[in-house]
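Working notes, structure below.
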Protein chains: 2
Amino acid sequence: MPELLLKSIQEKVSATGQELQVCRSYFTPKKLKKRQFLLQEGDVCNRLAFVEKGALYSYSTDSKGGQHVIQFAFEGWWIADLYSFFTLEPSNLNIEALEDCELLLIDREQHQHLLAEVPKYETYIRLLYQNAYIALQRRVESTVGLTAEAKYNRLLEQYPYIVQQVPLNLIASYLGVTPETLSRIRKQSAK
Amino acid sequence: MPELLLKSIQEKVSATGQELQVCRSYFTPKKLKKRQFLLQEGDVCNRLAFVEKGALYSYSTDSKGGQHVIQFAFEGWWIADLYSFFTLEPSNLNIEALEDCELLLIDREQHQHLLAEVPKYETYIRLLYQNAYIALQRRVESTVGLTAEAKYNRLLEQYPYIVQQVPLNLIASYLGVTPETLSRIRKQSAK
DNA sequence: AAATACGCTTGACATTTATCAAGCCCTTAT
DNA sequence: ATAAGGGCTTGATAAATGTCAAGCGTATTT
């Protein structure tokens, strides 16, 4: 079974079998059941996670106990709190499994080694950041200055599968509105 | 006069004088007067800009003519529409000088060459993306699910100089609120 | 020096969205 | 099989924010 991770690296930087082997050797698998946590608020994020199977999401908690979804991660995506990962400061994010997951993890030291040892891994990571940054900027564009309805419609256009796979209350949180508001928007749009 | 760009590369990846020379040779300087555009909506973004002096900002325009500020760029920062730069699709962003600017530009082909030719440039760019991504994610955290007042206070904490240097109507747009709302928030906070 | 434009503020009012409370369906746990 | 909880919807009301209109000071232009 060719792992998604290796396929992802292969596609983006056409690494050789040899290089892929080396990369793979730095990762360790981990399984997570639905509702289990990969990272909890207050802990330092010590590893990057690649999603082989399943789905996760990250969120912060505000002073009033409200949850704010930062990111979803489906099969073939990465997830972590990069801020905590690089600064070593305690994270204020939680990363939780939306369903049963199979992950490949790499910790800080191994990530550094791999960057130095395999130039194509560095290129892969650069491209990853590049795409992640672009996607995030598009999210900011959607978020700032649009009505709740417009934000929802953009999400539907750009990431229809998110709307299908994820509970609506989390989508509401991702969009920065309450579940009630999202429910009403959907009722409107249905017409 | 040691340019900021070279200093930036030097600091992040400790490049040799030789490497810096090579990097520098790929960039071309450009001056922009206040209110001039580096990129206009509808054009393809063909180059990345490093800000040696001055300040710029990027924004999109919505169907009702409203402006939404996406990013500010001060001395030592980069600015571009990466989405357009990499996809070659026409940009829906404008990039405009907030004040007289001196930039160093690199176009797509030269950027690719440099990435391939100078490994430390690739590392530099990777770190750039990394930091840009982290900063943007923090912005998303601030944007989603906070009141206008809370967003403004976070901006004050994290980037006080933005609030000092940039007209309030642009800050309002950056935060996703109207200038009137921002004005009232500031009045409140003043107490 | 006068005229103009820009940035900011304020007030009155409209609209959007949040909050609180209740109920329903469906899944999961006991 | 029953109970419990999660996810979603709906209604009534409150709070936050937007819109429109006006005015004022300062910088910029002519």
Side-chain angles (χ1 to χ4, degrees), chain A residues 33-37 55-57 59 61-69 72 94 96-100 142-156 162-191, chain B residues 33-37 54-55 57 59 61-69 72 94 96-100 142-156 162-191:
Chain A
K33 295 233 174 233
K34 185 172 178 175
R35 280 173 221 274
Q36 281 187 322
F37 289 83
L56 306 89
Y57 72 113
Y59 63 93
T61 321
D62 65 27
S63 47
K64 284 188 249 161
Q67 250 185 226
H68 306 292
V69 173
F72 295 110
N94 299 278
E96 186 177 337
L98 278 170
E99 45 191 85
D100 293 358
S142 304
T143 302
V144 172
L146 295 188
T147 64
E149 183 173 4
K151 283 188 271 190
Y152 176 70
N153 287 330
R154 282 225 191 161
L155 184 67
L156 263 182
I162 292 186
V163 180
Q164 287 164 359
Q165 295 193 6
V166 176
L168 289 182
N169 60 346
L170 294 186
I171 290 174
S173 168
Y174 181 83
L175 294 175
V177 302
T178 60
E180 291 94 332
T181 297
L182 181 57
S183 176
R184 286 170 185 129
I185 287 167
R186 284 162 57 88
K187 191 180 173 186
Q188 279 293 330
S189 303
K191 292 192 296 201
Chain B
K33 296 234 175 232
K34 185 171 178 175
R35 281 173 219 274
Q36 281 187 321
F37 288 82
Y57 73 113
Y59 63 93
T61 319
D62 65 28
S63 47
K64 283 188 249 161
Q67 251 184 226
H68 305 293
V69 173
F72 295 111
N94 301 279
E96 184 178 339
L98 277 171
E99 46 190 83
D100 293 358
S142 304
T143 301
V144 173
L146 294 189
T147 65
E149 184 173 4
K151 283 188 270 190
Y152 177 69
N153 287 330
R154 281 225 192 161
L155 185 67
L156 264 182
I162 293 186
V163 180
Q164 287 162 2
Q165 295 191 9
V166 176
L168 290 181
N169 60 344
L170 295 185
I171 291 175
S173 168
Y174 180 82
L175 294 175
V177 301
T178 59
E180 292 93 332
T181 298
L182 181 56
S183 177
R184 286 169 184 128
I185 287 166
R186 285 162 56 88
K187 192 177 171 188
Q188 280 293 331
S189 304
K191 292 192 297 203

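It should be emphasised that the depicted structure is a prediction, and the values quoted were computed from it without experimental measurement. Chain identifiers are assigned alphabetically (A, B, ...) following the order of the sequence lines, protein sequences preceding nucleic acid strands; residue numbering begins at 1 within each chain.
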Rounded to whole Å, how long is the line connecting atom [atom1] of [X] with atom [atom2] of [N]?
{"X": "L98(A)", "N": "dT27(C)", "atom1": "CG", "atom2": "P", "answer": "18 Å"}
{"X": "Q67(B)", "N": "dC6(C)", "atom1": "CD", "atom2": "C1'", "answer": "13 Å"}
{"X": "K33(B)", "N": "dT29(D)", "atom1": "NZ", "atom2": "P", "answer": "11 Å"}

So, taking the atom named [atom1] in [X] and the one named [atom2] in [Y], what distance separates them when rounded to the nearest 0.5 Å?
{"X": "L146(B)", "Y": "N153(B)", "atom1": "CG", "atom2": "CG", "value": "10.0 Å"}
{"X": "K151(B)", "Y": "L182(B)", "atom1": "NZ", "atom2": "CG", "value": "11.0 Å"}
{"X": "F37(B)", "Y": "E96(B)", "atom1": "CZ", "atom2": "CD", "value": "4.0 Å"}
{"X": "I162(A)", "Y": "F72(A)", "atom1": "CD1", "atom2": "CZ", "value": "6.0 Å"}
{"X": "T181(B)", "Y": "L175(B)", "atom1": "OG1", "atom2": "CG", "value": "10.5 Å"}
{"X": "L168(A)", "Y": "E180(A)", "atom1": "CG", "atom2": "CD", "value": "12.0 Å"}

note = Letter by letter from the 5' end, nucleotides 7-17 of chain D scores (B base, S sugar-phosphate only, - none; protein heavy atoms under 4.0 Å) SSSBBB----S

Minimum-distance pair of heavy atoms, taken over all atoms of K33(A) and A97(A) = O-CB, 3.5 Å

query = Closest approach of D62(A) and H68(A), non-hydrogen atoms and distance?
reply = OD2-NE2, 2.7 Å

request  = Let me have DNA chain C in dot-bracket notation, would you? Count Watson-Crick plus G-U wobble pairs, both distances under 3.5 Å, and use [ ] for pairs crossing earlier ones and | for inter-strand partners.
outcome  = ||||||||||||||||||||||||||||||

